Each structure stands twice: as C-alpha cells, then as structure tokens.
Amino acid sequence: MTSEKRLSSVCHSIAHHAVSALSYLHPHLRQACRAAGEYSAQIDLLSPNPCPENLRGNQPLQIALMSLQERFAQILQSEGFSLDELQKALLFFEFPAEYKDDYCSNCHAALQASSGKEFLHAVNCMGASIVPNPSFKRDCRKSAAAP
C-alpha cells in the first residue's frame with residue numbers, strides 16, 4: 001500500500017485542476033449555480049453522478065464533472081491509490097462577490113482515507129493556496145462522523 005502522505009498531493013492536485021481551464025467546469029458551474037440561486041456547490045467525486053441534483057439541468061456542466069471525476073481517478077492512480085481506498089472525496093466551490101467573472105471560483109478539496117485520515121487543500125481562481133473555508137471544514141468533519 002502506498003503511503004497515505006501521497007493523498008496530500010492528490011488533494012492538492014485535484015483542487016488545482018478543478019479551478020484550471022483544463023477542467024472545463026467554468027463558466028458552466030457558476031452559471032448553473034446562479035440559475036439555481038446558489039452561491040456555492042459541493043461535488044462528491046465518489047458519487048456515481050458527481051453533479052449536484054439541483055444543477056443537473058446544465059448538460060455541459062454534467063459532462064465536465066464526469067470528466068473531472070475521471071481525471072481524479074487518474075491522479076489517484078498516478079500516486080498509487082484507487083477509489084476504494086477513500087471514504088470521502090469532496091470539492092467545494094465558492095464564488096466570492098469580488099470574482100465578477102464566471103470563470104473564477106475558489107476550490108476547497110477534502111479527501112478522507114479509509115483509515116479516517118483527512119487531507120484538505122484550497123486554492124483561489126489563480127491557483128494560489130488559500131485557507132480552507134471554515135464551514136466546509138466543519139461540514140466535512142460532520143459527514144465523516146455521521147453513520
């Protein structure tokens with residue numbers, strides 16, 4: 001088994017990829033959120049359909065999220081892991097008011113290994129590391145503690 005420390009790298013990589021143009025999420029994610037009256041979105045990369053139910057009307061977003069999910073599996077595999085070794089793989093996107101462009105968001109990534117060890121990483125739309133949103137950290141811990 002690969003060292004769980006490598007999951008920190010996976011967490012970092014998926015957050016960066018998700019805010020990049022290579023993920024093809026933007027502008028679709030913010031447009032879908034705006035249409036649904038939302039200011040953020042949480043994506044479960046372990047779900048059979050990673051697109052949140054209230055955003056599923058946006059076909060380009062659904063395709064981009066399926067692609068992101070595949071890329072996540074590739075990143076995991078490149079570090080010696082499989083999806084089966086995770087309890088949780090969440091991305092939380094937020095759209096701060098100062099980001100006027102639909103191509104900009106902050107992305108917070110949270111991974112939890114089967115052992116329970118958590119990894120968090122957050123980046124802004126320019127790819128710079130930021131402090132993870134405290135409410136996202138609390139929500140992640142709650143979902144980990146739930147039966």
Side-chain angles (χ1 to χ4, degrees), residues 1-33 38-56 58 60-99 101-147:
M1 179 178 168
T2 306
S3 167
E4 284 184 349
K5 289 180 183 179
R6 299 305 306 154
L7 283 176
S8 179
S9 174
V10 172
C11 192
H12 180 97
S13 294
I14 195 61
H16 279 275
H17 179 73
V19 297
S20 78
L22 295 173
S23 73
Y24 301 106
L25 290 177
H26 309 291
H28 313 297
L29 182 58
R30 188 170 192 175
Q31 291 169 353
C33 284
E38 301 289 338
Y39 299 96
S40 63
Q42 186 164 299
I43 309 301
D44 182 351
L45 293 172
L46 298 181
S47 173
N49 184 346
C51 192
E53 251 183 73
N54 63 332
L55 304 181
R56 290 188 182 162
N58 186 308
L61 175 61
Q62 287 194 62
I63 293 167
L65 286 171
M66 295 300 283
S67 178
L68 180 67
Q69 190 176 46
E70 287 177 31
R71 181 66 185 130
F72 175 65
Q74 292 168 354
I75 292 169
L76 262 179
Q77 185 178 26
S78 75
E79 294 287 356
F81 292 95
S82 71
L83 293 170
D84 296 337
E85 295 177 78
L86 296 177
Q87 287 183 20
K88 175 176 44 185
L90 300 174
L91 297 177
F92 175 73
F93 293 89
E94 60 184 354
F95 309 100
E98 64 268 17
Y99 293 173
D101 194 309
D102 285 350
Y103 290 84
C104 297
S105 67
N106 291 336
C107 179
H108 307 265
L111 303 182
Q112 186 175 36
S114 297
S115 68
K117 187 166 183 169
E118 283 189 335
F119 302 88
L120 295 170
H121 189 74
V123 295
N124 66 18
C125 62
M126 300 304 287
S129 293
I130 59 174
V131 175
N133 182 309
S135 63
F136 177 62
K137 287 170 46 173
R138 277 192 302 277
D139 289 349
C140 286
R141 293 209 168 88
K142 274 193 246 177
S143 68

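Here the structure is a predicted model, which means the values were calculated and not measured.
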Test item: Ser13 side-chain N/O and Val10 main-chain N/O as donor-acceptor pair under 3.5 Å: no
- line: Heavy-atom nearest pair, Cys104 first then Phe95, reads O-CD2, 3.5 Å
query: Any idea which heavy atoms bring Leu91 and Ile14 closest together, and the distance?
result: CD2-CG2, 4.1 Å
CG on Leu111 to CG on Leu7, rounded to 0.5 Å: 6.0 Å
- prompt: Got a second to check how far Asp84's CG is from Leu46's CG, nearest 0.5 Å?
  reply: 9.5 Å
- line: Closest heavy-atom pair, Cys33 versus Ala41, reported as atoms and distance to 0.1 Å, is SG-CB, 3.7 Å
query: What's the verdict on side chain to side chain contact (heavy atoms under 4.5 Å, CB included) for Asn49 and Leu65, showing C-alpha distance, side-chain angles and the deciding distance?
result: CA-CA 8 Å; Asn49 184 346; Leu65 286 171; over 6 Å; no
- line: Here the pair of heavy atoms bringing Ile43 nearest to Pro52 is CD1-CD, 3.6 Å
task: Verify side chain to side chain contact (heavy atoms under 4.5 Å, CB included) between Lys5 and Ser8, making sure each step is shown before the conclusion.
output: CA-CA 6 Å; Lys5 289 180 183 179; Ser8 179; 5.9 Å; no
Where Glu4 and Phe119 come nearest, the two heavy atoms and their spacing: O-CZ, 3.2 Å
- prompt: What orientation do His108 and Phe92 show, parallel under 30°, tilted 30 to 60°, or perpendicular over 60°?
  reply: tilted
query: Quick one: are Glu85 and Ser82 in side-chain contact, heavy atoms under 4.5 Å?
result: yes
field: Side-chain (Gln69) to main-chain (Ser47) donor-acceptor, under 3.5 angstrom
entry: yes
Value rounded to 0.5 Å, distance of CD1 in Ile63 from OH in Tyr24: 12.5 Å
- prompt: CG of Leu45 to CG of Leu86: how many Å apart, nearest 0.5 Å?
  reply: 9.5 Å
query: Is the backbone of Ser20 close enough, under 3.5 Å, to the side chain of Ser23 for a donor and an acceptor to pair up by distance?
result: yes
- prompt: If you round to the nearest 0.5 Å, how far is OG of Ser129 from NE2 of His121?
  reply: 3.5 Å
task: Could you pull out all residues at least two apart from Asp102 that satisfy side chain to side chain contact (heavy atoms under 4.5 Å, CB included)?
output: Pro27, Arg30, Gln31, Arg34
- prompt: Does some side-chain heavy atom of Leu61 sit less than 4.5 Å from a side-chain heavy atom of Leu25?
  reply: yes
- prompt: For Gln74, does the CD atom have more than 12 heavy-atom neighbours from other residues, nucleotides or ligands under 6.0 Å away?
  reply: yes
statement: To the nearest 0.5 Å, atom SG of Cys11 lies from atom NE2 of His16 at 10.0 Å
query: Would Arg6 and Ser9 count as a side chain to side chain contact (heavy atoms under 4.5 Å, CB included) if you check the C-alpha gap in whole Å, the side-chain angles of each, and the deciding distance to 0.1 Å?
result: CA-CA 5 Å; Arg6 299 305 306 154; Ser9 174; 3.6 Å; yes
query: Between Ser105 and Phe93, what is the shortest heavy-atom contact and its length?
result: OG-CD2, 3.6 Å
message: Checking the side chain of Gln112 only, and the main-chain atoms of Lys117 only, is there a donor and an acceptor separated by less than 3.5 Å?
response: no
- prompt: Would you say Arg56's side chain and Cys51's backbone share a donor-acceptor pair under 3.5 angstrom?
  reply: yes
